[in-house]
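Input: a single structure, listed below in C-alpha cells.
Treat the numbers as computed from the prediction; the structure is a model and nothing was measured. Throughout, residue positions are numbered sequentially from 1 according to the sequence presented.
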Amino acid sequence: MKYYRVFRALLKIRFQNLMMFRLGFWGPFFVDGSLFAIQLFVFDAIYANVERIGSWGRGEMILYIGTFSLINAINMAVYFFGVNGIVGKIMSGEMDLYLTRPVSPLFRLTFECMNPGSLPLLLFSICIIGYGVRTAGIRLNAGRVLAYVFFLGIMVLLHYEMEVLIRSAAFYLVTNARMEQLEEAGLQLCMNLPGITFYGIYKFVFYCILPYGIMATLPVQSLIGDMEWETAVFGVVIVAIFTGITALVWKQGIRHYNSASS
C-alpha cells in the first residue's frame with residue numbers, strides 16, 4: 001500500500017507537470033508514432049521481395065512487429081525516461097537525494113518520469129497484433145492468449161531489467177556511452193530480425209547475453225502454437241537469472257556509489 005500511494009502520487013505529479021507544457025505530452029507521441037510508421041514501411045518493403053523470414057510468413061512477422069512495438073510502448077509510457085536518467089543522477093551526485101528518501105531509490109527513479117504521451121502507441125500496437133493474427137490465420141483460444149499475455153509480461157520485465165542493468169554500469173565506469181550504444185544496436189537488430197533467424201554464436205549472444213532476441217519472439221511463438229516446452233522453460237529461467245543479476249548489480253552499485261558530499 002505504501003508503494004501504491006507513492007506510485008499514485010508520482011503519476012499525479014507527472015501529469016500536472018506535462019500538462020503545463022503541452023508539447024512535452026504530445027511530442028513523444030508524434031516521435032514514437034513516426035518511428036512506428038517507418039518500421040512498418042521497412043517491413044512492407046522487405047515483404048515486397050521475399051515471402052518468408054526463417055519459418056515465419058508475413059502474418060507472423062506483422063505479429064512480431066506489433067509485439068515488439070507493444071513492449072516498446074509500455075517501456076516508453078512507464079519507465080524509460082525515469083530509468084534513462086539514472087546515469088545522469090549518478091554522475092551529478094543527485095542520487096544522494098534518492099538515497100535519503102523513505103522509498104526505494106530504484107522504485108522512485110523508475111516511475112517518476114512516466115510518459116502518458118506514449119499511451120496511444122499501445123493502441124496502435126494492439127491493432128497491429130490483431131491484424132497480424134488475422135493475416136496469419138491463427139485460431140485463438142484461451143490457452144494461447146493467456147500464454148501470450150504471460151510471456152509478454154515477463155519480456156516487459158526483462159526489457160526493464162536490461163535497461164536498469166546497463167545504466168547501473170555508471171556506478172563503476174567513468175562513462176556509460178558505449179554500454180548504451182551496445183543496447184541500441186542490439187535492440188535495432190532484434191527489432192528487425194526475430195529470434196528464430198539466429199543460429200550458433202549469434203543465438204547464444206542474443207538469447208543469453210543480450211536477450212533482445214527473445215523479447216518478442218517468445219510471446220509470438222506462444223500465440224501461434226510454435227513453442228516447445230523447453231523454450232518456455234528457457235524463457236522463464238533467463239528472466240529469473242537477469243532478475244537476480246539486476247538486483248545484485250544495483251545493490252552493489254548503491255554500496256559502491258560515492259555521493260557528491262563524500
Side-chain angles (χ1 to χ4, degrees), residues 7 28 31-32 35-36 39 63-87 104 106-107 109-119 121-126 128-129 147-170 176 179-196 198 203-223 227 231-232 234-250 253:
F7 174 81
V31 172
D32 295 341
L35 292 175
F36 184 79
Q39 186 182 5
L63 182 56
Y64 180 81
I65 296 168
T67 301
F68 218 123
S69 297
L70 181 58
I71 293 172
N72 181 62
I74 295 172
N75 164 45
M76 298 297 290
V78 179
Y79 55 82
F80 172 77
F81 293 99
V83 172
N84 201 47
I86 289 175
V87 176
S104 165
L106 185 56
F107 183 89
L109 286 163
T110 298
F111 296 112
E112 71 175 358
C113 292
M114 288 178 283
N115 178 39
S118 293
L119 289 177
L121 293 179
L122 294 173
L123 178 61
F124 290 166
S125 300
I126 292 171
I128 294 299
I129 290 169
Y148 178 81
V149 171
F150 171 75
F151 280 101
L152 180 68
I154 64 173
M155 291 302 117
V156 169
L157 175 61
L158 180 61
H159 190 282
Y160 166 75
E161 290 167 349
M162 289 299 298
E163 286 193 352
V164 173
L165 188 59
I166 286 174
R167 283 153 185 81
S168 295
N176 208 50
M179 295 292 293
E180 294 184 22
Q181 288 175 357
L182 180 65
E183 175 191 48
E184 183 179 355
L187 278 171
Q188 187 63 41
L189 175 64
C190 294
M191 191 176 293
N192 295 323
L193 290 175
I196 60 168
F198 294 119
K203 186 171 185 177
F204 175 74
V205 170
F206 292 108
Y207 271 53
C208 301
I209 307 301
L210 297 172
Y212 301 117
I214 68 173
M215 287 184 182
T217 302
L218 265 58
V220 171
Q221 286 181 317
S222 68
L223 190 62
M227 176 181 284
T231 304
F234 171 80
V236 173
V237 169
I238 283 292
V239 174
I241 289 173
F242 272 90
T243 299
I245 293 174
T246 304
L248 178 62
V249 170
W250 176 263

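Closest of all the heavy-atom pairs between Tyr207 and Ile196 is OH-N, 3.9 Å. When all heavy atoms are compared, the tightest approach of Pro211 to Met162 is CD-SD, 3.7 Å. Here the shortest heavy-atom pairing between Met155 and Met215 reads CG-O, 3.1 Å. The two residues Thr217 and Pro194 come nearest to each other via the heavy atoms OG1-C, 3.8 Å. Closest non-hydrogen pair, Gly235 versus Leu218, comes out as CA-CD2, 3.5 Å. Scanning both residues, Tyr64 and Gly195, for their nearest heavy atoms gives OH-N, 4.5 Å.
Side-chain contact check for Asn72 versus Asn75: some heavy-atom pair is nearer than 4.5 Å. Ile128 is not listed as a side-chain neighbour of Leu63, based on a closest heavy-atom distance of 4.5 Å or more. Contact of the Tyr148 side chain with the Ile129 side chain is registered, since non-hydrogen atoms from C-beta on lie closer than 4.5 Å. Residues Leu187 and His159 meet the side-chain proximity criterion, which asks for heavy atoms closer than 4.5 Å. A heavy-atom distance below 4.5 Å is not found between the side chains of Met76 and Leu121. Residues Phe81 and Glu112 form no side-chain contact, since every pair of their non-hydrogen atoms from C-beta on lies 4.5 Å or further apart. In this structure, the side chains of Ser125 and Phe68 stay at 4.5 Å or more apart for every pair of heavy atoms.
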Quick one, Tyr160 with Thr110, criterion side-chain hydrogen bond (donor to acceptor under 3.5 Å, both in side chains). Give me CA distance, side-chain angles, the key distance, then yes/no.
CA-CA 9 Å; Tyr160 166 75; Thr110 298; 2.7 Å; yes

Chi angles and distances behind the side-chain contact (heavy atoms from CB on, under 4.5 Å) call for Tyr212, Glu183:
CA-CA 9 Å; Tyr212 301 117; Glu183 175 191 48; 3.3 Å; yes

Start with the C-alpha gap between Glu180 and Val87, add the side-chain angles, then the distance that decides, and say whether side-chain contact (heavy atoms from CB on, under 4.5 Å) holds.
CA-CA 10 Å; Glu180 294 184 22; Val87 176; 3.6 Å; yes

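Listed for the Thr231 side chain is no donor-acceptor partner under 3.5 Å among the backbone atoms of Met227.
In summary, the aromatic rings of Phe198 and Phe206 are positioned with their centroids under 6.0 Å apart.
Between Leu182 atom CG and Leu210 atom CG the span is 5.0 Å, to the nearest 0.5 Å. For the atom pair CG of Leu248 and OG of Ser168, the computed distance is 10.5 Å after rounding to the nearest 0.5 Å. The CZ atom of Phe242 sits 5.5 Å away from atom CD1 of Ile245, with the distance rounded to the nearest 0.5 Å. Rounded to the nearest 0.5 Å, atoms CD1 (Ile214) and SG (Cys208) are 8.0 Å apart. Rounding to the nearest 0.5 angstrom, the gap separating the CG atom in Leu152 from the CG atom in Leu157 is 11.5 Å. The line from CG of Asn84 to CZ of Arg167 is 4.5 Å long, rounded to the nearest 0.5 Å.
Summarising the local packing, CD of Gln181 is surrounded by more than 12 heavy atoms from other residues, nucleotides or ligands at distances under 6.0 Å.
Inspection of the Thr243 and Glu161 side chains reveals an N or O donor paired with an N or O acceptor under 3.5 Å.
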